[in-house]
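First the proteins, then the strands, lettered A, B, ... as listed; each starts at 1. Quick note: numbers below take in every heavy atom, side chains included, and nothing from hydrogens, waters or symmetry partners.
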Amino acid sequence: MTDIKTDTPKTEAPIRVRIAPSPTGDPHVGTAYIGLLNFLYARQRGGKFVLRIEDTDRTRFVSTSEQEIFNSLRWLGILWDEGPDVGGPYGPYRQSERTEIYRQHVDLLLANGTAYRAFETPEELEDLRLRQIAAKLPPRYDGSHRELPQAKIDQYLAEGRPYVVRMKVPPHTGDSTSSTTFRDELRGNITFEHNNVDDQVLLKSDGFPTYHLANVVDDHLMGITDVIRAEEWISSTPKHILLYKAFGWDLPRFWHMPLLRNIDKSKISKRKNPVSLIYYRQAGFLPSAMINFLGLMGGGMPTNEAASTGKSSEADIFSLDDMIARFRLEDIRLGGPVFDLTKLKWLNGEYIRRSTPEAFYEALRTTILSDSYLKQIAALVQTRVETLGEFGNLTHFFFADDVMPTEEIFVPKKRTREETLTFAAEQLTTLEATDWTHEALEPALKKLGEEKQWSVKENFMLLRAIITGSTMSPPLLESMEIFGKPRTLARIRTFLDTQKKQNNTKK
RNA sequence: GGCGUUAUGGUGUAACUGGUUAACACGCUGCCCUCUCAAGGCAGAGAGUCCGGGUUCGAGCCCCGGUAACGCUACCA
């Protein structure tokens, strides 16, 4: 093993990297992927890895999300040196606690003429957008408040009209540049003409910053040296460069990583692939396997010597420590890798087979057979069994992954297969948007049933069939609650996918 | 539509500064082992490197032109 630190130029500032997830839902595999890459980069260079929470979107905020992000990353062993929960010298690490900082920085931009107030209402902007689309023009802010006379601004402010602050993208008086070129460490120079860069909103009318502003201000203030993020940010990087320039700050290095993909190559999404880290934990994937699998995405691990000497399959198997020792971020492949569950499951199986019997049993007992899980399930069936031996009869679906009802079971007497599948898809949509307590689930499902003219019995029986594979089960909603949202939704999606495929083969 | 990025078997990756029949893993097929199923062992099928030109003795690697996929195009991140 080589000493990585000797490779690091000694003149460099200490490496500081970060991930900045938004607490808007379940922790995402994409967050884990980018987190892993940042973590490795920092560890290999004796740098610091920062976790920052980007909670500036109040409309999408989910209160439990932040804690779940912490739990999931820790589960994987992706540990941060600074963050909201562990503190650090550059805090606070939650953007909602930094609003005063952003306000001050916006004032700086307002004062030096690189930003301006815009007083249009959201309705006016929507109207503009629609007209532009109708005229086959690229939808873009038309800049009408770019050069508002001071008198007008004062008047609007006095009237108390709400406003946003927008970035004044050059060219304008004081800066005549018409394009921005930046270096992506993986791809080389990328150029954007400014007439393709919108006057991005920096400060929303609710006083919160947008991603673009908060991100640049925080990265600078937190001393971030390398921005390692997903490819979807390439398009907005010129805005960020312009902001660094407007503040007069040095640029970090930018590394844009390929996007994880669904099987059909689109950006990975929950509709087509489980993306919740909670799902993977609850479904019984081992953190070592998940980390290993993520390390396979995009390459980056040099071919193992074991591959040429010993068993060749060893080449694909490595630990987090192996990655710290040998992973090369600069070798990441740029094509978007498909997040292929088949290979993940094979890897997971490898890790299970390699466990000691004790470790395997321990893994079962802390996940799929944990005391808390069993205790909740037991409470559900106590009145429904006559011998303890019947426990498995009623609860098999809690422990199985291949539940699939036959058509006779899931299609109600007076319904067709088609309308049943359509309704099941609507149930899925409803469940996705509902808090995961049986108290919340019941009215949500009943409301859907009323709207679509499905009786409560038909409604719940269909769902019961999908979740349990049977027409007989412990109380459905309580069962779903214990089984967990990510796995329940995944089961419904698997059901719908399978039935859809059967449709296609029938025709 | 505009802008940007990407492109090696079905999937993930490999192929030194261009150099023999494009390699490994997953998956798939068959066989062996075996009370079953996995695991394991063995043997296969599957790409000529998105397409078209060019440079070169020689191109997956270099040049030019296309195409397709993906991303962005919000007072979301």
C1' spacing across the pair B/rC57 / B/rU20, given as an integer number of angstrom: 14 Å

Do the non-hydrogen side-chain atoms of A/F49 and A/I19 ever get within less than 4.5 Å of each other? yes

What integer number of Å spans the C1' atoms of B/rC51 and B/rA69? 14 Å

Short side-chain N/O contact from A/R333 to OP1 or OP2 of B/rU8, under 4.0 Å: no

Can you tell me how far P in B/rA38 sits from the matching atom in B/rG60, rounded to whole Å? 41 Å

Expressed as a whole number of angstroms, how long is the span from A/K345:NZ to B/rG27:P? 11 Å

Value for CD1 (A/I234) from CZ (A/R229), rounded to nearest 0.5 Å, stands at 9.0 Å

Rounded to whole Å, please give me the gap between CZ in A/F293 and P in B/rA25. 17 Å

d(CZ, A/R183; P, B/rU5) in whole Å: 14 Å

Pair A/Y102 + A/F208: ring centers closer than 6.0 Å: no

If a pair means Watson-Crick or G-U wobble with both distances below 3.5 Å, what does RNA chain B look like in dot-bracket form, with | marking bases paired to a different strand? (((((((..((((.....[...)))).(((((.......))))).....(((((..]....))))))))))))....

In terms of side-chain geometry, is the basic nitrogen of A/R353 or A/E350 positioned less than 4.0 Å from the acidic oxygen of its partner? yes

Please state the P separation for the pair B/rC63 and B/rU56 - nearest whole angstrom. 16 Å

Calculate, to the nearest 0.5 Å, the distance between atoms CD and CD belonging to A/E54 and A/Q95 respectively. 4.0 Å

The criterion is ring-ring contact (aromatic ring centres under 6.0 Å, His included); which residues satisfy it with A/W75, sequence neighbours excluded? none

Whole angstrom is fine here: how far is it from OH in A/Y351 over to C1' in B/rA25? 14 Å

Rounded to whole angstrom, note down the P distance from B/rU13 over to B/rU34. 40 Å

C1'-based separation of B/rG54 from B/rA59 [nearest Å]: 11 Å

Which way is the base of B/rG48 turned, syn or anti, if we draw the line at 90° from 0? syn

C1' gap between B/rU8 and B/rU29, integer Å: 24 Å

Taking the minimum atom-to-atom distance to the side chain of A/R60, which one of B/rG4, B/rA77, B/rG12 wins? B/rA77

Report which part of the nucleic acid A/T24 touches: base, sugar-phosphate, or nothing (heavy-atom distance under 4.0 Å, all strands). nothing

Heavy-atom closest contact (A/V29 atom, A/L260 atom, distance): O-CD2, 4.2 Å

Would you call the rings of A/H240 and A/H212 parallel, tilted or perpendicular, taking 30° and 60° as the class edges? tilted

Using the side-chain heavy atoms of A/R353, tell me which of these nucleotides is nearest: B/rG40, B/rU5, B/rC76. B/rG40

Rounded distance (Å) that lies between atom P of B/rU5 and atom CH2 of A/W255: 18 Å

Quick one: what's the B/S/- string for nucleotides 64-75 of chain B, heavy-atom cutoff under 4.0 Å, read 5' to 3'? ------SBSSSB

Whether the side chain of A/T367 engages the backbone of A/G284 through a donor-acceptor N/O pair (distance < 3.5 Å, no angle test) should be reported. no

Can you list, by residue number, the residues of residues 48-57 of chain A that have a non-hydrogen atom closer than 4.0 angstrom to RNA chain B? A/E54, A/T56, A/D57

Using the P atom as the point on both nucleotides, what is the distance between B/rG46 and B/rC37, in whole Å? 28 Å

Provide the full list of salt bridge (Lys or Arg N to Asp or Glu O under 4.0 Å) pairs with a residue in residues 333-345 of chain A, sequence neighbours left out, each pair given once. A/D316-A/K343

Distance in angstrom units between A/Q95 CD and B/rC76 C1', rounded: 13 Å

Please report, rounded to the nearest Å, how far the P atom of B/rA25 is from the CE atom of A/M301. 17 Å

Between CD1 of A/I228 and CG of A/L37, what distance do you get to the nearest 0.5 Å? 6.5 Å

If we ignore hydrogens and angles and just use 3.5 Å, is the side chain of A/D331 paired with the main-chain N or O of A/M301 as donor and acceptor? no

By nearest-heavy-atom nucleotide on RNA chain B, the more 5' of A/M297 and A/L137 is A/L137

From B/rU5, B/rU13, B/rA25, pick the nucleotide closest to the side chain of A/W346? B/rA25

Looking at residues at least two apart in the chain, or sitting in another chain, which of them share a side chain to side chain donor-acceptor pair (under 3.5 Å) with A/T59? A/D57

Both A/E193 and A/P209 contact RNA chain B. Taking the nearest nucleotide for each, which residue is further toward the 5' end? A/E193

Check the distance between B/rG2's P and A/N196's CG and give it to me in whole angstrom. 11 Å

